[in-house]
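Below: the structure, in structure tokens.
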Amino acid sequence: MATKIYIVYYSMYGHVEKLAQEISKGAASVEGVEAKLWQVPETLPAEVLQKMSAPPKSDVPLITPQDLAEADGILFGFPTRFGMMTSQFKAFMDATGGLWGTQALAGKPAGLFYATACQGGGQETTPLTAVTQLAHHGMIFVPVGYTFGAGMYEMEKVRGGTPYGAGTYAGMGSRQPSELELQLAFHQGKYFAAIAKKLKGAA
């Protein structure tokens with residue numbers, strides 16, 4: 001039976017979505033793994049999004065908290081607001097109380113990826129503060145560490161991502177994920193999926 005990896009994200013301007021797509025490709029490259037993309041619901045009114053020049057959402061399906069229980073492993077992705085996950089994603093996590101009550105996610109591997117505006121915008125504080133969500137659910141945090149190799153030590157170019165997970169810098173919205181950032185995202189998906197597959201096989 002295939003190992004199900006869910007990539008669950010919120011993306012306002014598309015930066016996190018691009019990382020999610022690469023993570024999905026990386027996860028799907030592992031034999032015996034099925035990767036599925038999900039979006040969390042938007043909480044802002046359409047008129048507010050229009051004023052913020054946010055593009056229309058893609059056709060990736062919306063997830064409900066109950067869907068999470070079906071996955072063998074979950075990667076959560078979101079933009080940063082003041083060094084923490086965006087309120088849209090936090091609202092979704094706040095709705096998982098029923099799953100917390102039954103510990104339905106306990107023992108499932110989980111990973112994180114994210115986007116920040118700049119180098120001081122939360123590339124480390126965002127995943128660090130998000131780990132609390134995983135801990136309360138009893139999930140197993142799987143960081144990417146330094147398994148990406150030389151790419152983790154790149155100093156000549158701007159590169160998002162940390163040992164906690166793949167990341168990108170959005171600037172004021174105009175900068176798109178670099179090739180190196182996308183490669184890290186692909187690697188994270190592949191690395192995470194392989195671990196989730198091992199854990200499922202050992203269960």
> Are the charged groups of Glu22 and Lys25 less than 4.0 angstrom apart, N to O?
Replying inline: yes

> Under 4.5 Å between side-chain heavy atoms, hopping through other hydrophobics if needed: is there a path connecting Met12 to Phe89?
Replying inline: yes

>> Would you say that Val30 contacts Lys197 through its side chain, given a criterion of any heavy-atom pair below 4.5 Å between the two side chains?
In response: yes

>> Is there a side-chain contact between Ser29 and Phe186 in this structure, where contact means two heavy atoms from C-beta onward sitting under 4.5 Å apart?
In response: yes

>> If we ignore hydrogens and angles and just use 3.5 Å, is the side chain of Ser11 paired with the main-chain N or O of Glu17 as donor and acceptor?
In response: yes

>> Taking side chain to side chain donor-acceptor pair (under 3.5 Å) as the cut-off, I'd like each qualifying pair that reaches into residues 91-104, sequence neighbours left out, listed once.
In response: Lys90-Asp94, Thr96-His137

> Can you check whether Leu49's main-chain N or O pairs, donor with acceptor, with Glu47's side chain at less than 3.5 Å?
Replying inline: no

What pairs of donor and acceptor atoms, side-chain ones from residues 159-172 against any protein atom, are under 3.5 angstrom apart with sequence neighbours left out?
from   : atom 1 : to     : atom 2 : distance (Å)
Arg159 : NE     : Gly151 : O      : 3.0
Arg159 : NH1    : Gly161 : O      : 3.1
Arg159 : NH2    : Met152 : O      : 2.9
Thr162 : OG1    : Tyr114 : OH     : 2.7
Thr162 : OG1    : Tyr164 : N      : 3.0
Thr168 : OG1    : Arg175 : NH1    : 3.4
Thr168 : OG1    : Glu181 : OE1    : 2.6

> For Ala69, does its backbone N or O pair with a side-chain atom of Lys108 as donor and acceptor, under 3.5 Å?
Replying inline: yes

> Under a 4.5 Å cut-off applied to non-hydrogen side-chain atoms, are Leu62 and Val40 in contact?
Replying inline: no

>> Using 30° and 60° as the class boundaries, would you call the ring planes of Tyr191 and His187 parallel, tilted or perpendicular?
In response: parallel

>> Quick check: do Ile23 and Phe113 have side-chain heavy atoms less than 4.5 Å from each other?
In response: yes

>> Quick check on the hydrophobic clustering: are Ile5 and Ile195 connected, directly or via other members, by side-chain heavy-atom contacts under 4.5 Å?
In response: yes

> Do you know the tightest heavy-atom contact between Gly77 and Val16?
Replying inline: C-CG1, 3.8 Å

> So, for Leu112 and Ala130, which heavy atoms are closest and what is the spacing to 0.1 Å?
Replying inline: CD1-CB, 3.9 Å

>> Treating Ser24 as the side-chain partner and Ala20 as the backbone partner, does any N or O pair qualify as donor plus acceptor under 3.5 Å?
In response: no

> At their closest point, which heavy atom of Tyr13 faces which heavy atom of Pro55, and how far apart are they?
Replying inline: CD2-CD, 3.8 Å

> Taking 4.0 angstrom as the limit, do Lys200 and Asp72 come out as a salt bridge?
Replying inline: yes

> Are the side chains of Lys4 and Lys36 in touch, meaning some heavy atoms are under 4.5 Å apart?
Replying inline: no

> Side chains of Gln39 and Lys57: donor-acceptor distance under 3.5 Å anywhere?
Replying inline: no

> Would you call Gln88 and Phe78 a side-chain contact if the rule is heavy atoms closer than 4.5 Å?
Replying inline: no

> Same cluster for Phe76 and Leu99 if Ile/Leu/Val/Met/Phe/Trp/Tyr side chains link at under 4.5 Å?
Replying inline: yes

> So, Thr80 side chain and Ala115 main chain: donor-acceptor pair closer than 3.5 Å or not?
Replying inline: yes

> Looking at Gly122 and Pro127, what are the two nearest heavy atoms and their distance?
Replying inline: O-CD, 4.0 Å

> Any side-chain heavy atom of Phe92 within less than 4.5 Å of one from Thr43?
Replying inline: no

> Can you name the nearest heavy-atom pair linking Gly83 to Thr125, along with the distance?
Replying inline: O-OG1, 2.9 Å

> Would you say the ring centroid of Tyr146 lies under 6.0 angstrom from that of Tyr153?
Replying inline: yes

